[in-house]
Amino acid sequence: MSIGSLAPGEIPQPVAVITGGWAKERDRSLMSGREVADTLTTMGLAPRVIDLEDDREILVERLHGVGLAFLAIAGRGAEDGRLQGLLETLGVAYTGSGVLASAVGMNKLAAKTIVAFAGVRVPEGCRVDHEAKAETEAARIAELLGLPVILKPVSEGGSIGLRTAHTQHDVVDAILSGAGEDLMAEVYHPGRSVSVGVLVDLATDTARVLPPLEAETPDGVYSFAAKRGGDCAYYCPARVEPDTVRALQLQAVTAHRALRCHSYSRHDFIVTDSGEVLWLEVNTLPGLTRTGNLARMADVDGIAYEDLIAHILRGACIDRRAHA
Ligand SMILES: Nc1ncnc2c1ncn2[C@@H]1O[C@H](COP(=O)(O)OP(=O)(O)OP(=O)(O)O)[C@@H](O)[C@H]1O
Ligand SMILES: [Mg+2]
């Protein structure tokens, strides 16, 4: 699949960049929004920028007459199908995945179930029962999964709220500090943290899978701090065997299709120390800064940032029924 530039008149105008929002990843969404808006401006599209939070009261008014909404936003209320549903109802074409893939993709437990059903390996795990006493739940989790475990919110990104628990006491601590958040536990698998981008040409339904990107941190966990400029080294392609690259790429496409993602998505994996590939989660609206993970992988594959943005623009539509 080749990524070409846009033909004049191909894009319904005016274009709006939807960014910001009220999720915990708001700051990162705004960074993506700024870079996407600048790029669209250089393409001559004169985008209007809409902040989902600041413009909430007058959102429908601001969307009036918009030909295409470019979603440069992540997290709850935006990446989880709610915004996509609103745009479909208003008849505004938008970028990225549809309502179903967005809603399922935002819920790590639901997404893992579907992806595992398609034959992709995922870490063993369970939901944390908040009705149970934290000590009882910690004992159950330790019995079921062993220790250490990873505890993370079911519907969050950016490694926000993610903890590694080495003892039952750590599990209790993580449950209590989760502040009622829906949490899940997974077996902690030491290994390399690797991300894989998938771009799909909707006209031909062919996928282009980008070279896997590895994030190396001192403790092996691609944490909140590492994602925000902390101690982290990136390698693209990832430092894994060619067979492992192929397995990562195949599993990323399988997950993309099983979840009914649309023109692009980014999948996070652990490659265990024994070389096993385990799918962790999908990002249906991955960060879109020039130096972000998706742009980094695209660049290594010879796709300039402007062409990546053009690909995403070209995938915009109102109704994804054919692709779900
Ligand atoms: N079961 C696990 N075993 C080992 N490491 C894990 C596990 N789950 C998560 N991690 C580590 O935590 C990181 C973040 O996990 P994950 O991708 O599930 O969370 P996220 O917050 O949704 O990420 P994103 O910022 O991509 O939205 C992973 O890249 C990996 O380094
Ligand atoms: Mg992730």
Side-chain angles (χ1 to χ4, degrees), residues 23-29 31-32 73-76 78-80 102 104-112 115-116 120-128 141 144-166 171 174 178 181-198 212-235 238 248 252 255 259 265-274 276-289 292-294 296-297:
K24 290 178 184 158
E25 296 177 85
R26 171 178 169 80
D27 55 339
R28 286 153 68 94
S29 296
M31 281 161 61
S32 290
I73 186 164
R76 288 178 201 179
E79 196 173 358
D80 58 6
S102 303
V104 170
M106 192 69 197
N107 184 301
K108 289 188 168 74
L109 284 172
K112 276 179 74 175
V115 168
V120 173
R121 287 224 52 196
V122 300
E124 313 80 337
C126 67
R127 165 174 253 131
V128 174
I141 290 168
L144 185 70
L145 304 176
L147 290 167
V149 289
I150 292 273
L151 283 132
K152 55 187 168 187
V154 172
S155 300
E156 196 56 83
S159 296
I160 293 164
L162 182 139
R163 309 253 303 244
T164 312
H166 295 273
V171 178
E181 174 102 52
D182 201 7
L183 294 178
M184 60 192 276
E186 274 180 355
V187 171
Y188 168 70
H189 289 278
R192 298 179 192 276
S193 300
V194 176
S195 196
V196 182
V198 177
L213 172 84
E214 176 186 346
E216 183 191 36
T217 58
D219 68 354
V221 173
Y222 192 23
S223 61
F224 177 81
K227 288 175 185 176
R228 289 172 185 252
D231 196 357
C232 185
Y234 291 94
Y235 303 89
L248 282 160
L259 292 166
S265 60
R266 210 199 74 216
H267 301 258
D268 294 340
F269 294 88
I270 288 286
V271 178
T272 68
D273 293 339
S274 60
E276 193 178 8
V277 170
L278 297 172
W279 185 89
L280 292 178
E281 60 130 7
V282 65
N283 296 282
T284 51
L285 290 178
L288 287 176
T289 58
N293 290 354
L294 189 69
R296 224 184 269 250
M297 289 181 239

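Numbering of ligands and ligand atoms starts at 1, following listing order. Please read these numbers as outputs of a predicted model, since none were measured by experiment. Each residue takes its place number in the sequence, starting with 1.
- Here atom 30 (C) of ligand 1 lies nearest to Ser193 when heavy atoms of Ala215, Pro123, Ser193 are compared.
- Note on the Mg ion (ligand 2): protein N, O or S atoms under 2.8 Å away count 2, no waters included.
- If you check which protein heavy atom lies closest to atom 10 (N) of ligand 1, you get Leu280 CD1, 4.0 Å.
- Using a 4.0 Å cut-off to heavy atoms of Glu156, the atoms of ligand 1 that qualify are 22 (O).
- Shown in contact with Val221 at under 4.0 Å from a heavy atom are these atoms of ligand 1, numbered in order with element: 11 (C), 12 (O), 31 (O).
- For atom 29 (O) of ligand 1, the nearest protein heavy atom (residue, atom name, distance) is Tyr222 CB, 3.4 Å.
- For the ligand labelled ligand 1, residue Glu25 lies outside the 4.0 Å heavy-atom shell.
- Every residue two or more places apart in sequence or in another chain that forms a salt bridge (Lys or Arg N to Asp or Glu O under 4.0 Å) with Arg228 is listed here: Asp27.
- Between Arg192 and Glu216, every side-chain heavy-atom pair lies at or beyond the 4.5 Å cut-off.
- Shown here are the salt bridge (Lys or Arg N to Asp or Glu O under 4.0 Å) partners of Asp219, two or more places apart in sequence or in another chain: there are none.
- Asp182 and Arg127 get closest at one heavy-atom pair: OD2-NH2, 2.6 Å.
- At a heavy-atom cutoff of 4.0 Å, ligand 1 is contacted by no atom of Leu278, backbone or side chain.
- For the side chain to side chain contact (heavy atoms under 4.5 Å, CB included) with Leu280, the lone residue among Ser195, Pro123, Ser193 that qualifies is Pro123.
- If you number the atoms of ligand 1 from 1 as listed, the ones under 4.0 Å from a heavy atom of Tyr188 come out as 3 (N), 4 (C).
- When the options Asp273, Ile270, Val271 are evaluated for a side chain to side chain contact (heavy atoms under 4.5 Å, CB included) with His189, the one that passes is Ile270.
- Contact annotation: for Thr217 versus ligand 1, there are no heavy atoms closer than 4.0 Å.
- When every heavy atom of Tyr222 is checked against every heavy atom of Tyr234, the shortest pair comes out as OH-OH, 2.6 Å.
- When each atom of ligand 1 is checked for a heavy atom of Lys108 under 4.0 Å away, the hits are 18 (O), 19 (O), 20 (P), 22 (O).
- Protein heavy atom in closest approach to atom 5 (N) of ligand 1: Ile270 CD1, 3.5 Å.
- Taking a cutoff of 4.0 Å between a charged side-chain nitrogen and a carboxylate oxygen, Lys24 and Glu181 qualify as a salt bridge.
- For atom 12 (O) of ligand 1, the closest non-hydrogen atom of the protein is Leu162 CD1, 3.5 Å.
- Counting the atoms of ligand 1 from 1 in the order shown, those under 4.0 Å from a heavy atom of Arg266 are 26 (O).
- The distance from ligand 1 to the heavy atoms of Lys152 drops below 4.0 Å at these ligand atoms: 8 (N), 9 (C), 18 (O).
- The nearest protein atom to atom 21 (O) of ligand 1, hydrogens excluded, is given as Ser159 N, 2.5 Å; this is a heavy-atom distance.
- In terms of protein heavy-atom proximity, atom 27 (O) of ligand 1 is nearest to Asn283 OD1, 2.9 Å.
- Shortest non-hydrogen contact noted between Gly105 and Ala111 is CA-CB, 4.3 Å.
- The shortest side-chain heavy-atom distance between Met106 and Thr284 does not fall under the 4.5 Å cut-off.
- The two residues Ser155 and Asn107 make their nearest non-hydrogen contact at OG-CA, 3.9 Å.
- By the 4.5 Å heavy-atom criterion applied to side chains, Leu147 and Val171 are counted as neighbours.
- Listed by chain and number, the residues in a salt bridge (Lys or Arg N to Asp or Glu O under 4.0 Å) with Arg163 are Asp173 (sequence neighbours excluded).
- The two atoms that bring Ala226 and Asp231 nearest to each other are CB-O, 4.3 Å, heavy atoms only.
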- Task: Apply the test side chain to side chain contact (heavy atoms under 4.5 Å, CB included) to residues Cys126 and Leu144: give CA-CA distance (whole Å), side-chain angles for both, the deciding distance (0.1 Å), then the verdict.
- Result: CA-CA 9 Å; Cys126 67; Leu144 185 70; 3.8 Å; yes
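- Ranking the protein heavy atoms by distance from atom 17 (O) of ligand 1 puts Glu281 OE2, 2.9 Å first.
- Scanning the protein for heavy atoms near atom 7 (C) of ligand 1, the closest one is Ile150 CG1, 3.7 Å.
- Counting the atoms of ligand 1 from 1 in the order shown, those under 4.0 Å from a heavy atom of Glu186 are 1 (N), 2 (C), 7 (C), 8 (N).
- Against a heavy-atom cut-off of under 4.0 Å, His189 is close to the following atoms of ligand 1: 3 (N), 4 (C).
- The residues Glu186 and Lys108 are annotated as not salt-bridged, no charged nitrogen and carboxylate oxygen being separated by less than 4.0 angstrom.
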